[in-house]
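These notes are about the structure you will find just below.
All values reported here derive from a predicted model rather than from experimental measurement. Read the numbers this way: they start at 1 and go in the same order the structure lists the ligands and their atoms.
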Amino acid sequence: MIVLGIETSCDETAASICAEGKIVSSSISSQVIHEEYGGVVPELASREHEYLLNTIVNKSLEKADFNYHDLDGIAVTQGPGLAGTLLTGICFAKGLSQGLSIPIIGVDHLEAHIFANFIADPELEFPFISLLVSGGHTQLWLIENVGKYKLLGETLDDAAGEAFDKGARVLDLGYPGGPALEKSAEGGNPDAIKFPRGLIRSDSFDFSFSGLKTALLYYMDDYSNSNSITLNDVAASYQEAIIDVLSNKLIRAITYYNINTCVVAGGVAANKNLRTRLHTLLSNKNVIFPELDLCTDNAAMVAYLGEIKLKNGEQSKIDFGVLPNLKMITF
Ligand code: KG4
Ligand code: ZN
């Protein structure tokens, strides 16, 4: 089966072709228009998707050496995400589905992030624990099979990616914040400041990052450049607090459920320090991180999951709508 995947849940316009479980092309355009605003402006993001989608889809088809009539189905992100940007992708996908008389399926963006790990490692087997760390979500899942997911814990306030973004904004490091903060942290001392590690002592698998952000704000109120602590030290210490919490909770979940494999998905999985830390702490386990372009938003994960679902006989009705607050079903 040849499936076109379309992803427009936020500020990445992406299309990909999956043929019999193999990603044969993946095209993406990251919108730079938001840089000057320091964050994604939803209306601008929708307009950019509108403007770029046709080109990106054509590019993906060309790279795969297919044309529209080779497609057997279309998968499109249905949620969670920004209502307007999701709508742009869904309308485009519905038009194609109707015009080509092929089935369409709306895909859960978070489930797709988790399934990106099967693209990264085709040998991946159930069950596994997934740490999902994106701009809007921080969740720990026990993944038992396709469609059989148990939510173990999640953030009670800010997501880990949001903590990176807000921290970068406080430190005036630019946008997107995660990579900028990681870069600034490279030259710094992670032990310079002991920032709070939210819920690290709690028995639950939940997270909390809002206290960390507040602690950074207070710290910067009193910060002076003449201080022996550099801004790189501040960035490194802040990043260290996030990584400590993420790795601590993941290791606790793996130990509690006695699971050998864990996967890390979502934009924050691109963080090299998190990758190194987990590989070191879990050297006796199977730790999987997708390649960087599969960690952040992409359409390969949508096409891949869409093909699995379409092959299972699932399909969306043509009047399906956006689900900006979609939550993955837990058992
Ligand atoms: O999964 P994603 O691309 O989009 C959402 O679905 O949210 O995740 C985006 C998030 C942003 O908050 C971004 O700052 C963060 O992932 N991120 C990073 C890194 N690259 C992206 N955070 C830390 N280190 C990185 N290298
Ligand atoms: Zn995402």
Side-chain angles (χ1 to χ4, degrees), residues 5-14 16 26 28-31 34-35 38-40 42 45 76-82 85-86 89 107-117 130-139 154-155 158-171 173-186 188 190 207 209 212-213 235-236 238-247 263-278 289-302 304-305 323-328:
I6 293 177
E7 155 66 33
T8 61
S9 66
C10 193
D11 58 340
E12 251 85 37
T13 314
S16 168
S26 182
I28 183 156
S29 170
S30 302
Q31 302 176 0
H34 308 285
E35 262 169 34
V40 179
V76 61
T77 305
Q78 186 173 12
L82 299 168
T85 60
L86 290 165
V107 163
D108 180 333
H109 179 83
L110 300 181
E111 192 179 0
H113 266 305
I114 290 171
F115 274 75
N117 292 284
S130 173
L131 172 66
L132 182 58
V133 270
S134 69
H137 295 83
T138 297
Q139 297 176 325
E154 63 184 328
T155 184
D158 292 349
E162 204 176 347
F164 269 101
D165 293 336
K166 287 181 175 171
R169 207 169 307 152
V170 173
L171 297 175
L173 296 172
Y175 168 88
L181 199 137
E182 178 176 21
K183 192 156 192 307
S184 169
E186 267 168 28
F207 304 82
F209 292 105
L212 171 64
K213 177 200 64 194
Y238 185 84
Q239 173 177 261
E240 186 75 358
I242 299 175
I243 292 178
D244 267 0
V245 174
L246 294 177
S247 41
V263 305
V264 188
V268 180
N271 187 282
K272 289 186 220 64
N273 291 272
L274 177 65
R275 296 166 95 95
T276 312
R277 174 79 62 89
L278 290 179
F289 282 91
E291 287 156 33
L292 296 192
D293 54 356
L294 278 176
C295 287
T296 47
D297 287 348
N298 65 86
M301 63 186 193
V302 177
Y304 183 86
L305 180 59
L323 295 173
N325 300 314
L326 179 61
K327 295 211 183 322
M328 221 155 64

>> If you define the side chain from C-beta out and look only at heavy atoms, does anything of Ser184 sit under 4.5 Å from Leu171?
In response: no

> Has Gln239 got any heavy atom lying under 4.0 angstrom from an atom of ligand 1?
Replying inline: no

>> Among all protein heavy atoms in this structure, tell me which lies nearest to atom 24 (N) of ligand 1, with the distance rounded to 0.1 Å.
In response: Asn271 ND2, 3.0 Å

>> Looking only at N, O or S atoms, which one in Asp297 sits nearest to the Zn ion (ligand 2)?
In response: OD1

> Is there a side-chain contact between Thr155 and Glu162 (heavy atoms, below 4.5 Å)?
Replying inline: no

> So which heavy atom in the protein is nearest atom 2 (P) of ligand 1, and how far is it from that ligand atom?
Replying inline: Asp297 OD1, 3.4 Å

>> Does any part of the side chain of Leu246, heavy atoms only, come nearer than 4.5 Å to the side chain of Thr138, both counted from C-beta?
In response: yes

>> Please report, to 10°, the angle around the Zn ion (ligand 2) from atom NE2 (His109) across to atom NE2 (His113).
In response: 100°

>> Which of the numbered atoms in ligand 1 are under 4.0 angstrom from any heavy atom belonging to His113?
In response: 1 (O), 6 (O)

> Under a 4.5 Å cut-off applied to non-hydrogen side-chain atoms, are Lys213 and Tyr238 in contact?
Replying inline: yes

>> Quick check on contacts: which atoms of ligand 1 are under 4.0 angstrom from a heavy atom of Glu182?
In response: 24 (N), 25 (C), 26 (N)

>> Before you tell me yes or no, could you show the steps for His109 and Glu7 under side-chain hydrogen bond (donor to acceptor under 3.5 Å, both in side chains), namely the whole-Å CA-CA distance, both residues' side-chain angles and the distance that decides it to 0.1 Å?
In response: CA-CA 8 Å; His109 179 83; Glu7 155 66 33; 3.0 Å; yes

> Can any side-chain N or O of Ser29 pair as donor or acceptor with the backbone N or O of Thr13 at less than 3.5 Å?
Replying inline: no

>> With heavy-atom distances below 4.0 Å as the criterion, list the atoms of ligand 1 near Ala270.
In response: 20 (N), 26 (N)

>> One pair to check against side chain to side chain contact (heavy atoms under 4.5 Å, CB included): Glu111 and Leu326. What are the steps and the verdict?
In response: CA-CA 11 Å; Glu111 192 179 0; Leu326 179 61; over 6 Å; no

> Taking Ser134 for the side chain and Gly267 for the main chain, is one N or O donor matched with an acceptor at less than 3.5 Å?
Replying inline: no

>> Within the structure provided, determine whether Leu86 and Thr77 are in side-chain contact (heavy-atom separation under 4.5 Å).
In response: yes

> How does Asp165 reach ligand 1, by side chain, by backbone, by both or by neither, if only non-hydrogen atoms under 4.0 Å count?
Replying inline: side chain

> Any side-chain heavy atom of Glu240 within less than 4.5 Å of one from Arg277?
Replying inline: yes

> Tell me: protein heavy atom nearest atom 7 (O) of ligand 1, and distance?
Replying inline: Gly135 N, 2.8 Å

> Counting only heavy atoms, which portion of Lys272 has something under 4.0 Å from ligand 1: side chain, backbone, both, or neither?
Replying inline: neither

>> Could you check whether any side-chain N or O of Tyr304 sits under 3.5 Å from a backbone N or O of Asn117, counting only pairs where one atom can act as donor and the other as acceptor?
In response: no

>> Using a 4.0 Å heavy-atom cut-off, which part of Glu12 comes near ligand 1: side chain, backbone, both, or neither?
In response: neither

> Quick one: does Gly177 get an N or O within less than 3.5 Å of an N or O on ligand 1?
Replying inline: no

> Should you measure from each heavy atom of Gly161, which atoms of ligand 1 turn up under 4.0 Å away?
Replying inline: 12 (O)

>> If I apply the N/O under 3.5 Å rule, does Gly267 come out as touching ligand 1?
In response: yes

>> How far is atom 22 (N) of ligand 1 from the closest protein heavy atom, and which atom is that?
In response: Gly178 CA, 3.4 Å

>> Below 4.0 Å from ligand 1: does a non-hydrogen atom of Cys10 turn up there or not?
In response: no

> Can you list the atoms of ligand 1 that are under 4.0 Å from a heavy atom of Phe164?
Replying inline: 22 (N), 23 (C)

> What atoms of ligand 1 come within less than 4.0 Å of a heavy atom belonging to His109?
Replying inline: 6 (O)

> Near Gly136, which atoms of ligand 1 are under 4.0 Å from a heavy atom of that residue?
Replying inline: 7 (O)

>> Quick check: do Ser16 and Asn298 have side-chain heavy atoms less than 4.5 Å from each other?
In response: no

